[in-house]
Each structure stands twice: as structure tokens, then as C-alpha cells.
Amino acid sequence: MTATPTLLAHGVGGRQDLPITLPQLVVAAALTLVVTFLALGLLWREPRLDRDATGGRPVPRWLAGLVDAPAVRWALRGLGLLAAAWFGLGLAGPDTADNPTAGALYVLLWVGLVPASLLLGPVWRAVNPLRTLHLLAALAARRDPERGVRDLPVGVGIWPAAGTLFGFVWLELVAPDRATLPVITAWLAGYAVVLLVGAALFGSGWFDRADPFEAYSTLIGQVAPIGRAADGVLVWRNPLDGMAGLRPRPGLVAVVVVLLGSTMYDSLSNAPGWLRFTQENGLPPAVTGSAGLTLVVAAVAIAYLAATGAAARIGGAGPVQARDVPGEIAHSIVPIAVGYVVAHYYSLLILEGQRTVALLSDPFGTGANWLGTAGWQPHTGLVTPSGVATLQITVIILGHLIGTLLAHDRALYLFPRARAVAGQLPLLALMVAYTVAGLLLLYAG
């Protein structure tokens with residue numbers, strides 16, 4: 001089986017659907033960032049965002065009690081196990097284009113986590129079936145699930161999640177026959193072994209540090225309007241405060257760079273020039289794709305580290321503080337990455353998501369209708385070429401504007417006031433470069 005056309009077509013729309021020409025759009029987007037930067041320099045002169053996650057308005061007591069109720073938590077865990085079992089039925093079904101497994105993994109899970117996490121926070125942690133299996137095993141053995149055989153060094157941070165995240169985006173974007181059941185099964189088996197063995201060795205904290213879906217959902221969940229303050233209280237919060245509360249830790253920069261770089265490579269991989277190069281260079285597509293993905297992620301990382309290093313020098317950061325600047329600014333890249341994800345995958349989620357839900361009612365292809373969705377036909381009213389093109393422009397520019405604001409506020413905290421604005425110039429150049437590259441890549445096809 002090969003991937004269905006809709007599964008590979010991440011976007012609907014193109015240059016011909018833009019209300020202005022692509023060069024005009026690129027110039028307008030760059031100027032918008034510059035004007036925003038100038039306005040922030042004049043009007044936003046003190047740090048305002050809640051870097052320590054101490055603010056927010058407590059949610060009603062009944063809602064806090066409901067969210068934290070053991071019965072609700074176990075119900076969510078049970079839902080995660082049930083969904084995993086249903087997904088397993090698809091893995092055991094026929095390897096045909098009507099099997100819902102690829103759509104469930106790449107669309108409902110990977111893309112669907114974005115809106116779910118934006119609204120509700122780090123939802124994957126609550127339903128993660130592997131976390132639940134580890135918890136049940138620990139309870140059966142009468143062991144503390146948080147304790148393992150040995151302690152994981154603090155310096156490891158979330159570097160393992162950066163590695164597993166790269167492994168998943170490689171599967172999604174590069175792996176040969178990536179929509180076939182043997183390939184998906186092999187990757188998921190490796191994923192389960194890495195997570196469960198790691199949890200047995202290091203305790204349940206391993207999931208926080210190594211699960212790509214938890215890392216992904218947690219990063220995006222920082223933007224959710226509901227979250228927890230530093231003392232654990234459930235609060236309504238300004239989403240910008242939530243994003244500013246993302247604390248630096250080892251591997252954080254790598255995770256956000258992989259997320260942003262992989263989305264940029266996704267655009268590149270659909271460009272006619274890249275497709276011709278892949279077909280004509282004589283190398284296996286997987287080799288070319290792996291090299292391309294690695295190079296794009298590396299380019300994003302180099303640009304980011306160069307910009308933050310220059311910002312630290314111009315901003316007057318000391319030697320110790322300068323080493324912390326990349327991690328301190330990393331939160332500003334998250335809304336940019338989210339903007340690219342929404343721009344790339346909106347139409348995929350709407351169209352292929354509906355198709356996958358319909359197919360999930362009959363995972364074995366026997367004509368059954370277990371979920372009552374087998375007769376669904378994708379509704380296309382929310383996916384029009386001009387509408388999608390406008391959405392893509394909006395979310396990409398909005399993501400960069402929010403990133404510029406977050407970087408500005410953090411620079412006011414990191415650098416002496418007299419040099420804070422000057423220190424942001426490399427970051428502004430980075431935002432403009434990411435914006436221009438992103439728009440050009442998005443509409444290259």
C-alpha cells in the first residue's frame with residue numbers, strides 16, 4: 001500500500017489563491033515584524049509577562065475538583081487504553097488504502113494534538129497509554145511509579161524527546177512506505193520499547209523526558225488558556241504568560257528546533273525543484289530525504305544559535321548568562337512552530353481526519369459499522385483554496401508576531417535596559433528570516 005493522495009497533500013491552496021502576489025506578501029510580512037519591533041521598543045519597556053508562572057485566576061472550585069478527581073483521571077487513562085486497543089485492531093487489519101491506521105497516527109494523533117493541546121493543555125500526558133501501562137505494572141508490583149532502578153541525571157533534560165521527535169518526523173516525512181502497516185508497526189514497537197524500558201529504569205519521569213508526543217503536546221499546551229501555576233493550582237491565564245512560563249532545560253532548544261525544522265522541510269519536500277532533485281540524483285529517496293531533513297533542521301538550529309549568541313553579545317550578557325540565552329529565548333520559537341503546523345496541516349486534519357474517522361468504524365474492512373461513522377462523507381465547506389491560503393498567511397505571520405513579543409519581553413529581563421533593544425536586533429533578523437523562508441517554502445508548490 002502507498003500513502004493515499006490526501007494523506008500526502010498537507011495543504012490546499014497556493015499562490016494563485018493569494019489576495020496579493022507572493023513577493024508583496026513576503027515584503028508585507030517582513031515590514032509587519034519590523035514595525036511591531038519598533039512599537040514594542042517604544043511602548044513595552046519593562047518585562048510584563050509572568051515568567052515564573054505565579055499568576056492567573058483560579059478556576060472555579062468545582063472545575064478544579066473535577067479535573068483533579070481520581071475518577072476522572074482514571075477515566076482518561078481508560079480512554080487512552082481503549083483508543084490504543086482500537087488502533088491495534090487497525091494494525092491487525094488488511095494493509096489496504098482503506099485501513100485507518102496511517103490516518104489515525106499521522107492525522108488524528110499527530111495533527112489532532114495541536115488543537116487539543118492549544119485548548120486544554122498537555123492532554124497526551126493524561127491519556128498516554130504507555131504511561132498508564134507503566135502505572136498499572138508499578139501498582140501491581142507495589143512499587144512507586146515515579147521511582148526507577150536508577151536516577152536519570154538532571155543534565156539529560158529532554159534530550160531523549162528531541163531524539164524520539166526527530167525519529168517520528170523522519171517516519172512521517174521520509175521513511176519508505178511510511179503509510180504501510182509493517183513500517184508503522186515497526187516504529188511503534190521501537191517507540192514502546194524505548195518508553196517502557198526507560199520508565200522501568202528511571203521511573204515515570206522518563207515519559208516527560210523521552211515521549212515525543214508528550215513533549216509536543218506539552219510545548220503547545222503552554223499556550224492554552226488553562227494551566228497550572230507554580231504551586232499546582234489550576235488557573236485561567238493569559239496564554240502569553242503560559243508561554244513565558246516555559247522554563248529552560250537541557251534539550252529544550254533541540255526539541256523546538258526539530259519541530260520547526262521538520263515543518264519547514266515538509267514544505268521543501270513538496271516543492272517541484274526538490275521533487276525533481278530527488279528523482280534525478282540517482283540516490284534512494286530515503287537517503288535524499290534523510291539528508292534533506294537533517295540539513296534543514298541543522299540550518300534552523302545554526303540560525304537560531306547564531307542569532308541568540310549575537311543577541312547575548314550585543315545585549316551585554318555575561319559569560320554565564322550568555323550560555324543561558326538560547327534556552328531562555330526558546331519559548332519564542334514555539335508559537336512560530338505552531339503557526340507552521342496549523343498552516344501545513346489544517347486542510348489535512350479537516351479532510352483526511354473526517355475520512356479516517358469514517359474508516360475507524362470498520363478497521364477490518366468487513367463492511368461493519370461499529371462506531372456508526374462508516375457512511376460519513378468529508379465535508380469540504382471549511383476547506384476552500386482562498387480560505388486556506390488566507391489562514392496560512394494569518395497563522396504564520398501571527399506566530400512570528402507572538403514570537404517577537406515573547407522574545408522582546410524576555411530580552412528586557414535578560415539584558416540591561418540600555419542595551420535590551422539593541423540586543424534584540426539579531427532576534428528580529430532571525431524572525432524575519434524564518435518568516436520569509438517559511439512563506440517561500442509554503443507556497444513553493
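Only heavy atoms go into these numbers, but all of them, side chains included; no hydrogens, no water, no symmetry mates.
The backbone N or O of Ala210 sits less than 3.5 Å from a side-chain atom of Thr164, completing a donor-acceptor pair. Counting only distance, with no hydrogens or angles, the side chain of Thr218 and the backbone of Ala215 share no donor-acceptor pair below 3.5 Å. Of the possible polar contacts, none joining the Thr308 side chain to the Val325 backbone as a donor-acceptor pair under 3.5 Å is found. Looking only at distances, a side-chain donor or acceptor of Gln222 sits under 3.5 Å from a matching main-chain atom of Gly242. Using a distance-only test at 3.5 Å, with no hydrogens or angles considered, a donor-acceptor pair links the side chain of Ser217 to the main chain of Val123.
With sequence neighbours excluded, the residues forming a side-chain hydrogen bond (donor to acceptor under 3.5 Å, both in side chains) with His408 are Gln424, listed by chain and number. In this view, Phe202 and Arg150, Leu152, Trp206 satisfy the side-chain contact (heavy atoms from CB on, under 4.5 Å) rule, not counting sequence neighbours. Applying the side-chain contact (heavy atoms from CB on, under 4.5 Å) test to Ala374 and every residue at least two apart in sequence or in another chain returns Ser361, Asn369.
A distance of 5.0 Å separates CG of Asp266 from CG of Leu173, quoted to the nearest 0.5 Å. Put simply, CZ on Phe166 and OG on Ser262 are 9.0 Å apart, with the number rounded to the nearest 0.5 Å. If you take OG1 on Thr263 and CG on Leu268, they are separated by 12.5 Å, rounding to the nearest 0.5 Å. A distance of 9.5 Å separates CG of Asp362 from CG of Leu371, quoted to the nearest 0.5 Å. The distance from the CD1 atom of Ile396 to the CG atom of Leu25 is 8.5 Å, given to the nearest 0.5 Å. Remark: Trp74 CH2 to Leu81 CG distance equals 9.0 Å, nearest 0.5 Å.
The closest side-chain heavy-atom distance from Arg57 to Val235 is not below 4.5 Å. Side-chain contact between Val388 and Val383: present, with at least one pair of heavy atoms (C-beta onward) separated by less than 4.5 Å. Counting heavy atoms from C-beta outward, Leu181 and Asn99 have side chains that approach closer than 4.5 Å. Side-chain contact between Leu49 and Leu405: present, with at least one pair of heavy atoms (C-beta onward) separated by less than 4.5 Å. Side-chain contact check for Asn270 versus Leu275: every heavy-atom pair is 4.5 Å or farther apart. Under the 4.5 Å side-chain criterion, counting only non-hydrogen atoms from C-beta, Thr288 is in contact with Trp274. Residues His331 and Val256 have side chains not in contact (no heavy-atom distance under 4.5 Å, counting atoms from C-beta outward). Phe213 places none of its side-chain heavy atoms less than 4.5 Å from the side chain of Leu165.
Leu305 approaches Pro326 most closely through the heavy-atom pair CD2-CB, 4.1 Å. A pairwise comparison of heavy atoms in Asp98 and Arg355 identifies OD1-NH2, 3.9 Å as the closest pair. Pairing each heavy atom of Tyr106 with each of Val111, the nearest pair is O-CG2, 3.3 Å. When all heavy atoms of Leu130 and Ala192 are compared, the closest pair comes out as CD1-CA, 3.8 Å. Scanning both residues, Ser332 and Ile329, for their nearest heavy atoms gives OG-O, 2.7 Å. The two residues Pro94 and Pro363 make their nearest non-hydrogen contact at CD-O, 3.8 Å.
Partner Tyr216 forms a ring-ring contact (aromatic ring centres under 6.0 Å, His included) with one of Phe168, Trp110, Trp124 and no other, that one being Trp110.
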Steps toward side chain to side chain contact (heavy atoms under 4.5 Å, CB included) verdict (Ile397, Leu401): CA-CA 6 Å; Ile397 295 178; Leu401 289 176; 4.1 Å; yes
From CA spacing to verdict: side chain to side chain contact (heavy atoms under 4.5 Å, CB included), Leu252, Leu246: CA-CA 10 Å; Leu252 175 62; Leu246 180 64; 4.1 Å; yes
Chi angles and distances behind the side chain to side chain contact (heavy atoms under 4.5 Å, CB included) call for Tyr434, Leu260: CA-CA 10 Å; Tyr434 280 168; Leu260 179 57; 3.8 Å; yes
Ile333/Val300 under side chain to side chain contact (heavy atoms under 4.5 Å, CB included): CA gap, chis, key distance, verdict: CA-CA 11 Å; Ile333 303 298; Val300 170; over 6 Å; no
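Counting only residues at least two apart or on different chains, the side-chain hydrogen bond (donor to acceptor under 3.5 Å, both in side chains) pairs with a member in residues 125-140 are Arg125-Asp208, Asn128-Asp211, Asn128-Glu214, Arg131-Asp208, Arg131-Glu214. Applying the side-chain hydrogen bond (donor to acceptor under 3.5 Å, both in side chains) test to pairs two or more places apart or on separate chains, those with a residue in residues 223-248 are Asp68-Arg228. Legend: ring pair (Phe, Tyr, Trp, His ring centres under 6.0 Å) pairs involving residues 358-400, not counting sequence neighbours, sorted by first then second residue: Trp86-Trp370, Tyr340-His400.
With a 6.0 Å radius and a threshold of 12 heavy atoms from other residues, nucleotides or ligands, Asp144 has its CG atom above the threshold.
At a threshold of 4.0 Å, the pair Arg323-Glu328 does not count as salt-bridged, since none of the basic side-chain nitrogens sits closer than that to a carboxylate oxygen.
The aromatic ring centroids of Tyr191 and Trp187 lie less than 6.0 Å from each other.
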